[in-house]
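Chain naming here is simple, since letters A, B, ... match the order of the sequence lines and numbering starts at 1 in each.
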There are 2 protein chains.
Amino acid sequence: MVVTMEEVAEKAGVSKTTVSRIINGIPNSASPDTIDRVRRTIEELDYVPNIIAASLKKLVTKTIGLIVGDIENPFFGAVIKGIETTLRNAGYNLILADSSYNMDREEELARVLLERMVDAIIFAPSRQKPGEWLQIASDRGVHVALIDNDIPELAVDHVGVDNFKASYEATQYLIDLGHQKLAMITGPYYRSTSSNRKRGFLSALEDRSIAIDQAFLREGDYGIESGYEKTRELIGLDSPPTALFIANNFMTVGAMKAIYEEELKIPGDISILGFDDMYWYTITQPPLSAIAQPAYDIGRVAAEGVLRSIDSRGKASPKKIELKTKLLIRKSTAAPREK
Amino acid sequence: MVVTMEEVAEKAGVSKTTVSRIINGIPNSASPDTIDRVRRTIEELDYVPNIIAASLKKLVTKTIGLIVGDIENPFFGAVIKGIETTLRNAGYNLILADSSYNMDREEELARVLLERMVDAIIFAPSRQKPGEWLQIASDRGVHVALIDNDIPELAVDHVGVDNFKASYEATQYLIDLGHQKLAMITGPYYRSTSSNRKRGFLSALEDRSIAIDQAFLREGDYGIESGYEKTRELIGLDSPPTALFIANNFMTVGAMKAIYEEELKIPGDISILGFDDMYWYTITQPPLSAIAQPAYDIGRVAAEGVLRSIDSRGKASPKKIELKTKLLIRKSTAAPREK
DNA sequence: CTGAAAGCGCTAACAC
DNA sequence: GTGTTAGCGCTTTCAG
């Protein structure tokens, strides 16, 4: 740093203390005259306060760390936007870290954030297993909030959606349309979101007494390729499904690719329903039916929770919050063709 | 923070200095024995070094600030990924800030980043006009790199693509297909990218002696709605264009919406070519032709430049780097129908 | 209303 | 090899 508070003080003919108080807007701590003089000096010198120094003294950085699995996933894009906006408006900064869905990385990042003295960590875990550093962080008074996937055994805030219910209702909708041969491409079961989405699907079938064909249940990895391959397998079956429920956005793209390649008609030959809504789902042919998650709000609510938790000095007990999903019915789902 | 270096030192029976040296891996500064003892103590105490304190002393934070216009834009998503990955591998952290394409906000954010003592700022400006704080940052030795839009009068690094050339070539391709009635929906001219894309389009027409119909040139704002409206205007013309070139991803979505609404055939009635490639352009009907920008690499190269610049203590002169675009021809562009 | 002094937790000369 | 000392730039009692 070039110019320090000391220099401002000197030039204005006051002490550092006074300058500090004025900058921090402590009421009744300086005469209007002094305030004016100091303000002008700050202006003249282009003085920029050093928040790092202040942080060291106050033991508070007004910085929050965020660990996500993949910044490039549009779902996280919206979540991050919600977090960043909320935090920024409250005067906080965001340190963003991408774990590539790698657990070792997650651990390392949590540690790095601790070293940087973040006031809180918002974390989108890639699996349900709790990491060691997160617990350490929580133990030392660094507020922790989970988003998307939950880690039930960690007693910290969590913001997500009711994946079971969303999945259950979507499946029910498909059944009501008349489908009996329903397939699902799920995400990896080690994620709470994935396993809940699968459970919802299965549970709906069960409740409607539809036998579960194991060949119709495929575990993907949330990537485009995986959606493509699983779909090929599914439509290659002797008796293929008439409805396909896909657990995330990327796999849905892969699925569409496979379906177009085989020149199957949607929804004539097969109905398609995806988890995660994308802004471009309205311009595919046909427009895609999907379950929308309030991604921005997940971020916003998580950030608000963390802020509240900081304010209350961690005296608030952990909350598990589930936001509402919405089933968006467009044109990719319809009754199965009569045979 | 709970446990400090002092406590580690005490418990291990050495001085802070020794602990510090061991943590920083200064060679030949402690006996293997001491190192071992200290390491074990650190482990036992779950000691986490306080980088904020170190930063204050060293006047280097190993943190870089990034200001983008909209985190949710998938283009920036990829750019951010490139930056984050590169920085992380070099041991740097990223403070992410979203300006909502607002210039006042940009200024404010630059200042906030300065206060936080970032070692460098990577900035995706929303207009060509240079801000005051960025100059101040640069003057104080904070390295500055621009991405996407350039601000020519600022003597700092810039990484982007040759928008003029990309646009020129794409237009040329459309003309070679036989189109004579070409329209373009541009972005706001106050961005260097937008105006260069427009210039490329116009220049290609000129070079092929195709008269420029002003009604065929529409200035959008890079949003979905804007793409939709401008396209409606265009296809509502008495003599509508046979080819439409759209300056970004979001407006392309809007354009598609308008075209489907009017039940026009692509590319039969109108050819569509967009700037920015998206991973889902292969599953629209027809798959969309587009100009791909190496978004991840733009981020990576910008981050590498900033890192290099930090290493060389700013003795490197500013570089303006243009990465290669690629014209991806899929199915939304074809020769105009004979009339 | 204002200032002096004592650190926040760490690093970096400078000694020994 | 290791320790002592003096800060980095700011905030915060405590005095007046």
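Proximity of B:Arg116 to B:Thr61: side-chain heavy atoms (C-beta onward) are nowhere separated by under 4.5 Å. Taking 4.5 Å as the limit, every side-chain heavy atom of B:Ser192 sits out of range of all side-chain heavy atoms of B:Ile151. Put simply, the side chain of B:Tyr92 does not reach to within 4.5 Å of the side chain of B:Thr63, judged on heavy atoms. Looking at A:Lys81 and A:Arg300, their side chains never come closer than 4.5 Å, going by heavy atoms from C-beta outward. Using a 4.5 Å heavy-atom cutoff, the side chains of B:Glu7 and B:Thr41 are not in contact.
Within the 4.0 Å cut-off from OP1 or OP2 of D:dT11, at least one side-chain nitrogen or oxygen of A:Asn24 is found. Proximity of B:Thr34 to the phosphate of D:dT2: a side-chain N or O atom is located under 4.0 Å from OP1 or OP2. The shortest distance between the side-chain N/O atoms of B:Thr18 and the OP1/OP2 oxygens of D:dG3 is below 4.0 Å. Distances shown here put every side-chain N or O of A:Tyr47 at or beyond 4.0 Å from the OP1 or OP2 atom of D:dG9.
A donor-acceptor contact under 3.5 Å is formed by the side chain of A:Lys57 with the base of C:dG7.
The CZ-P distance, from B:Arg37 to D:dG1, rounds to 14 Å in whole Å. When rounded to the nearest whole Å, the span between CE of B:Met117 and P of D:dC8 equals 13 Å. For A:Ile51 and D:dC10, the CD1 to P distance is 10 Å, given to the nearest whole Å. Following rounding to the nearest Å, A:Ile26 (CD1) and D:dT11 (C1') show an atom-to-atom distance of 9 Å. Atom CD1 in B:Ile22 sits roughly 10 Å away from atom C1' in D:dG1 (whole-Å rounding). At whole-Å resolution of the value, CE in A:Met5 and C1' in D:dC8 are 14 Å apart. If you measure from atom NZ of A:Lys62 to atom C1' of D:dC10, you get 16 Å, rounded to the nearest angstrom. Atom pair B:Ile42:CD1 and C:dG9:P shows a separation of 16 Å (rounding to whole Å applied).
Annotation: cation-pi geometry satisfied between A:Arg191 and A:Tyr101 (NZ/CZ under 6.0 angstrom from ring centroid, within 45° of ring axis).
No more than 12 heavy atoms of other residues, nucleotides or ligands lie within 6.0 Å of CD in B:Glu10, so this atom counts as exposed by the packing criterion.
Taking the nucleotide of DNA chain D with the nearest heavy atom to each of B:Ala30 and B:Lys58, the more 5' of the two is matched to B:Ala30.
Among the heavy atoms of the strands, none lies under 4.0 Å from B:Ser55. Nucleic acid contact class of A:Ser29 (heavy atoms, under 4.0 Å, all strands): base.
Comparing D:dG9, D:dT12, C:dT11 against the side chain of B:Leu56 picks out D:dG9 as the nearest. Across C:dA12, D:dG1, D:dT12, the shortest atom-to-atom separation from the side chain of B:Ser31 is found for D:dG1. For B:Lys16, the side-chain atoms get nearest to D:dA6 when compared with the rest of D:dT2, C:dC8, D:dA6. With distances taken from any side-chain atom of A:Thr17 to the nucleotides C:dT11, C:dA12, C:dA5, the minimum falls on C:dA5.
Between its opening and closing five pairs, the helix from C:dC1-D:dG16 to C:dC16-D:dG1 changes axis direction by 30°, a value rounded to 10 degrees.
Judged purely by distance below 3.5 Å, without hydrogens or angles, the side chains of B:Thr193 and B:Asn149 pair a donor atom with an acceptor atom.
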